[in-house]
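Working notes for the structure below.
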Amino acid sequence: MYKTPCSRLSGFVGVSVKQKLARNVPRCNQIARSLIQLHRRDPSNWLTYQHFNFLKRQYVSKNTSELHQRAIPKQAPVLTIVDERDDSVERQVERVPTINPAATDAGPQAEDATHKPQDKLSVLKHTAENAAAQNVSVSHMTGTPDEPPHVQVETEGEKQARLDRQWKQLKVDRADLPDIYARLSKIKLTALVVTTAAAGFAMAPVPFDPVMFFVSSLGTGLASCAANSINQYFEVPFDSNMNRTKNRPLVRGQISPLHAVSFALACGVPGVALLTLAVNPLTGFLGALNIFLYTCCYTPLKRLSITNTWVGAVVGAIPPVMGWTAATGCLEPGALLLGGFLYSWQFPHFNALSWNLREDYSRGGYRMMSVTHPAMCKRVALRHSLGLIGLSTLAPVLDVTTWTFPVISLPINLYISYLAFRFYHKGDRSSARKLFFCSLWHLPMLLLLALTCKKYSSNQEGAALPRAFLPLTFPAS
């Protein structure tokens, strides 16, 4: 009996291990000797091999609670190339000869029995003819193995007809054009632009002119429609990858790109001309500059750098300045202050919006702060929310409003700053959504409070008084 100082391997276990090792001497004699020497030399270091039948290709060895796994490499699959000209498979198929239906029809039972041998002879004759024809066809197929397979050649006319069927004719219903134009010009964004321009016109320290107000608002709206249409024209391949923009008219093919560009020109040229000729050249220049910045700077920068957010904020800050210059004809500190309100407001508004659209912007290939610099996105939103408090305090210093405005606007400025701080601290979808919806009502409320606290000049106060209260003047005698 084999003796070993190892207490774990004794008795019948040791006998069975030795018998198994001895049984495989012709093939693994060297392995058995090394195992025995290993047990004698270091009994505490024991080795066990197990073969799992359910894992045909894996062997597991356990060495002092360390598991090692080795996999036998899988054999590379043999690719079978079937030649279309190879008829060996077809030759092995036994073809069933066709039977003449006239021969299978059973005649009347009262037919003479002398006709039955003739029917059998005709059936055998027909079967022999089919077999001979089959042999001829098989010999013909096997005799010409090098014959190329039959390939249907498509003529040029057929190819052109097939390609024409793949194109869908674009049909535009005139009844759908107002809705298409509204979505092409981003009617909600255009309405916001016109509202801020109207606020700038109303905040100007000059008497209110309704005709000039209407003309400037119309020209600003047309310029905004042109800029938004050109923006959608450039971004068709990227908008198709985003859930937010995949239903735009150009993406869905409701109108052609030429139609969209024509609509943009039909809005942009009259809009800039109206602002330049009917209002003043400074307002027309600002309108043309805004179209250029939005289409040629902001739109391509969205796929290049996060600086697109700051350029977009400048674009959004220009409309109230246009309203101020439309009323006064000059650029004053009050106009820059209103532009500063719009500039700072856009960061909490857009950063909160883009935070919940990060997946969409990533699919579209846009480099937004929320995608590439999420920490900066939250910091910038909080910084500019607090900046609104400072700008509100600066308004009475520049004689734009009275000192009542910083006081009554402080609650809404503190509230949006509080939501921006929560967004900065948590950075989740809920806090971003609350900040975004707060920004929607914060801006109209802020502009309305500024308008109620507007500081009128002496000329405006005199123009606002009724004629009965004006001082009487007598001509000198």
Side-chain angles (χ1 to χ4, degrees), residues 186 188-189 192-193 195-196 199 242 244-245 293-294 297-299 301-321 336-395 406 409-450:
K186 301 180 185 178
K188 294 181 180 180
L189 180 59
L192 178 62
V193 170
T195 302
T196 56
M242 299 175 59
R244 176 171 168 260
T245 56
L293 289 177
Y294 190 72
C297 296
Y298 171 72
T299 300
L301 276 176
K302 289 169 68 175
R303 296 182 297 276
L304 298 177
S305 173
I306 61 172
T307 55
N308 67 83
T309 308
W310 282 268
V311 177
V314 173
V315 172
I318 290 179
V321 180
L336 299 179
L337 177 66
L338 293 178
F341 278 125
L342 266 296
Y343 180 83
S344 294
W345 171 85
Q346 285 180 88
F347 286 97
H349 170 76
F350 180 76
N351 288 12
L353 171 66
S354 63
W355 187 265
N356 291 336
L357 298 174
R358 287 177 292 176
E359 296 82 2
D360 250 8
Y361 282 122
S362 298
R363 283 193 295 267
Y366 295 122
R367 296 183 62 85
M368 298 297 175
M369 268 194 294
S370 59
V371 178
T372 59
H373 299 76
M376 182 187 294
C377 177
K378 296 183 290 185
R379 287 197 309 269
V380 171
L382 177 59
R383 185 183 306 141
H384 285 275
S385 298
L386 295 173
L388 291 171
I389 302 176
L391 291 174
S392 300
T393 309
L394 192 62
S409 64
L410 185 61
I412 62 174
N413 289 334
L414 287 177
Y415 183 67
I416 194 173
S417 300
Y418 165 72
L419 293 180
F421 177 76
R422 287 189 59 185
F423 172 61
Y424 171 76
H425 181 67
K426 295 184 177 181
D428 56 354
R429 290 181 176 270
S430 177
S431 59
R433 191 180 301 110
K434 290 180 180 179
L435 179 59
F436 171 72
F437 284 113
C438 175
S439 66
L440 293 180
W441 60 261
H442 176 271
L443 180 64
M445 184 67 68
L446 185 66
L447 295 178
L448 184 61
L449 292 176

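Numbers for residues simply follow the sequence, beginning at 1.
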Would you list the atom pairs, donor with acceptor, under 3.5 Å between side chains in residues 308-315 and any protein atom, with sequence neighbours excluded?
residue, atom, partner, partner atom, Å
N308, ND2, S305, O, 2.5
N308, ND2, R367, O, 3.0

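- Residue pairs meeting the side-chain hydrogen bond (donor to acceptor under 3.5 Å, both in side chains) criterion with at least one partner in residues 375-389, sequence neighbours excluded, are absent.
- Sequence neighbours left out, the pairs with a member in residues 414-432 that pass side-chain hydrogen bond (donor to acceptor under 3.5 Å, both in side chains) are E359-R429, D428-S431.
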Criterion side-chain contact (heavy atoms from CB on, under 4.5 Å) on M368 and I306, from CA distance to verdict: CA-CA 5 Å; M368 298 297 175; I306 61 172; over 6 Å; no

W355 vs F423, ring-ring contact (aromatic ring centres under 6.0 Å, His included): CA-CA, chis, key distance, verdict: CA-CA 10 Å; W355 187 265; F423 172 61; 5.3 Å; yes

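- L447 CG to W345 CH2: the interatomic distance, rounded to the nearest 0.5 Å, is 9.5 Å.
- For the atom pair OG (S409) and CD1 (I389), the distance works out to 8.5 Å, reported to the nearest 0.5 Å.
- For the pair L443 and T196, the minimum side-chain heavy-atom distance is below 4.5 Å.
- Minimum heavy-atom separation, V371 to S362: CG1-OG, 3.4 Å.
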Verdict with reasoning, S392 to N413, per side-chain hydrogen bond (donor to acceptor under 3.5 Å, both in side chains): CA-CA 9 Å; S392 300; N413 289 334; 3.1 Å; yes

Step-by-step side-chain contact (heavy atoms from CB on, under 4.5 Å) determination, L435 to I416: CA-CA 7 Å; L435 179 59; I416 194 173; 3.9 Å; yes

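- Note that the CG atom of L353 and the OH atom of Y361 stand 5.5 Å from one another [nearest 0.5 Å].
- Between the CG atom of L382 and the CZ atom of F421 there is a distance of 7.5 Å, given to the nearest 0.5 Å.
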Derivation and outcome, side-chain contact (heavy atoms from CB on, under 4.5 Å), residues D360 and T245: CA-CA 9 Å; D360 250 8; T245 56; over 6 Å; no

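- Considering all non-hydrogen atoms of both residues, H349 and S439 come closest at ND1-OG, 3.0 Å.
- If you take CG on L440 and CG on L192, they are separated by 9.0 Å, rounding to the nearest 0.5 Å.
- Taking CH2 from W441 and CD1 from I412, the interatomic distance works out to 6.0 Å, rounded to the nearest 0.5 Å.
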Test log, rule side-chain contact (heavy atoms from CB on, under 4.5 Å), inputs L388 and F341: CA-CA 7 Å; L388 291 171; F341 278 125; 4.2 Å; yes

